[in-house]
Amino acid sequence: MRQARADEYAEFAAARAGHLYRSACLLTAGDTHLAEDLVQETLGRVYVRWARVSRADNPAAYAQTVLTRTFLAHRRRRSSGERAVEAFPDVPDGSGTDTPLRLTLLQALARLPAKDRAVVVLRYWEDRSIEETAGAVNASSAAVRTRCSRALGRLRELLGEDIGEYARP
Amino acid sequence: MPAHQPDDPFEDRLSAALHRTGGAFDSPRTELTAAGARRGRRMQVQRRAAIVGSVAALALVGVGGSLLLPGGTPDASPPSLAGNGSKAATTSYSGDDVVRALVKLLPKGAFTETESRGTDEELPPLAVGVFDDGKGPASLSLGLDRIPADAGKIDPSAQVMPCPEDGQGDLDSCESGLLPDGSAVTVYQGYEYSDRREDTKSWGADLVTPAGQHVSLIEWNAPAEKGEPVSRPEPPLTTAQLKKVAADGVWRRIIDAIPEEERPTASAGGHGGGALMPDYVVMRKLALLLPKGLDRDAGVSQDGYGSFVVDDGKGKGLVQVNVQPGMSADAGQLFGSGAETLPDGTRVATRQEPGEKGGAGVVMWTVDTLRKDGLRVVVSAFNTGDQTKAATRAKPALTMAQLRDIALSPRWTSTED
């Protein structure tokens with residue numbers, strides 16, 4: 001990579017790493033080690049394709065999409081990981097006051113299938129539209145709608161309608 | 001401003017909760033950024049190595065898909081390049097020369113099932129085969145190429161495969177250093193699959209000289225890098241032996257004989273070279289080519305391979321595509337006398353056969369195409385969303401005609417979507 005381009009990449013990576021990491025923490029339901037690994041992999045992929053990425057309309061959105069796909073690919077490679085999720089302790093119903101929201105929410109996210117979780121993170125953390133989300137997870141809009149409403153139903157069940165008072169700003 | 005329009009207060013609360021939760025994660029940003037760049041450099045080197053060893057790579061296309069090709073025929077003479085005019089090099093080495101040079105440097109044993117390329121071919125020199133020192137057959141691959149000087153000067157340490165940032169990462173060992181002549185060399189002991197879902201070990205040496213000569217030597221403890229059970233506890237050569245073989249002067253002489261103007265690069269847009277189409281490009285093109293009205297969900301993908309699980313309302317079905325450049329030499333083997341040839345020279349073969357991965361009642365419908373420039377596009381559809389599981393419908397969700405349209409689409413050769 002030539003120096004000017006390398007500098008441009010370094011600037012981009014420094015600006016986006018924090019956000020990507022936080023997204024990865026939500027995607028992995030709080031597994032910070034895996035989150036770090038996913039972000040490194042994402043930045044690595046962006047690095048390899050930087051000549052092309054830097055010309056894209058929105059390199060930040062591109063990086064987020066790469067992160068999502070890297071996460072999903074990781075989950076597919078380790079489909080047995082789905083069983084580990086089942087081993088999570090029972091999720092509190094959200095009405096309890098002694099459980100911090102962060103833990104409750106992460107545990108609830110962990111109970112969702114990986115792809116549903118990705119859809120939730122893209123829709124409600126990244127504020128992406130259904131169509132943008134569909135593009136990022138390589139699914140049709142109809143499939144994303146189905147996943148989204150299924151995930152919302154499950155989260156409502158796990159967290160309670162109010163999501164606890166912690167959700168209030 | 002959120003792009004979605006929540007019509008449900010729960011969605012608003014969820015969004016707020018996610019932002020509070022996600023925002024609380026404090027990132028080791030500087031380390032992540034540096035580690036990301038290091039990993040990117042490593043990927044670049046590995047990609048280059050994959051292209052160097054692309055005979056082996058192409059023979060087993062599609063880890064998640066089907067095994068399409070039992071072996072390449074790399075010894076075929078290079079098409080049309082001979083008349084290209086001036087050649088910088090006066091000496092040339094055949095594929096057999098490369099194999100002979102390798103055998104001389106290996107410990108006592110037999111080197112069989114060899115495939116090779118010399119210096120006068122479209123892709124860089126290569127020798128792959130099965131080496132047996134008497135303790136079990138092991139696949140071994142040597143790739144030689146020249147690293148283009150980006151700004152006129154090569155920094156071997158920056159170009160050699162770097163060790164993972166934390167020492168060895170998912171490798172058992174990794175060591176990178178300089179030789180007295182200024183060459184940088186990395187020797188590593190790792191696994192074919194970084195998640196170790198199979199026990200296949202992959203050990204190697206990656207060497208770059210100050211003149212940009214690049215030698216990549218890799219060995220496995222199985223007769224093939226993928227898809228064969230391990231045959232011995234460890235690969236045959238020790239790391240010291242790997243290093244010694246990679247550093248031998250013979251490789252530099254051979255690399256110097258590669259004609260300058262015929263060197264393929266990873267970024268070349270043509271389909272005669274070895275670069276695989278990036279996974280996300282394959283997926284985007286395939287997504288655009290699937291018939292409208294199908295519910296689709298992305299499946300496994302990797303560079304040169306993509307798949308979707310589609311549903312037309314009558315049950316799930318897997319659709320996959322393999323896109324392989326530089327396959328002209330294999331035309332005879334892949335497209336027998338029954339194959340059709342279109343006016344533009346594209347060859348088309350169709351197959352309807354039982355699935356390969358053991359799912360009960362699974363059928364696999366395939367349209368296999370080879371364009372004149374060597375680009376092979378193979379589209380298959382299954383009557384199940386998962387080949388290892390039983391059929392979920394009588395026929396695949398796409399007809400043979402639809403598969404044919406996808407395989408022959410000009411999208412695969414377009415630089416646009």
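All chains are named by letter (A, B, ...) in the order of the sequence lines, taking the proteins before the strands, and each is independently numbered beginning at 1.
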Can you name the salt bridge (charged side-chain N to carboxylate O under 4.0 Å, His left out) partners of B/Arg393, sequence neighbours left out?
B/Asp312

Name the member of A/Thr146, A/Val137, A/Leu155 that forms the most heavy-atom pairs with chain B at distances under 4.5 Å.
A/Leu155

Counting heavy-atom pairs closer than 4.5 Å to chain B, which one of A/Ser23, A/Gly18, A/Ala134 comes out on top?
A/Gly18

Hey, does the Lys NZ or Arg CZ of A/Arg156 hover above the aromatic six-ring of B/Phe10, less than 6.0 Å from the centre and inside 45° of the axis?
yes

In terms of heavy-atom pairs under 4.5 Å with chain B, the winner among A/Val144, A/Thr133, A/Asp37, A/Thr65 is A/Asp37

Sub-4.5 Å side-chain heavy-atom contact between B/Trp412 and B/Met277
yes

With chain B, the option among A/Ser140, A/Ala142, A/Ala35, A/Ser141 that has the most non-hydrogen atom pairs under 4.5 Å is A/Ser140

Quick one: what part of A/Glu126 sits under 4.5 Å from any heavy atom of chain B, side chain, backbone, both or neither?
neither

Counting C-beta onward and ignoring hydrogens, is there a side-chain heavy-atom pair between A/Leu112 and A/Val120 closer than 4.5 Å?
yes

Is it the side chain or the backbone of A/Arg16 that comes within 4.5 Å of chain B heavy atoms, both, or neither?
neither

Salt-bridge criterion met for B/Lys316 and B/Asp311 (N-O under 4.0 Å)
no

Does A/Phe12 have any ring pair (Phe, Tyr, Trp, His ring centres under 6.0 Å) partners at least two apart in sequence or in another chain, and if so, which?
A/Trp50

A/Ala24 portion near chain B, given a 4.5 angstrom heavy-atom threshold:
neither

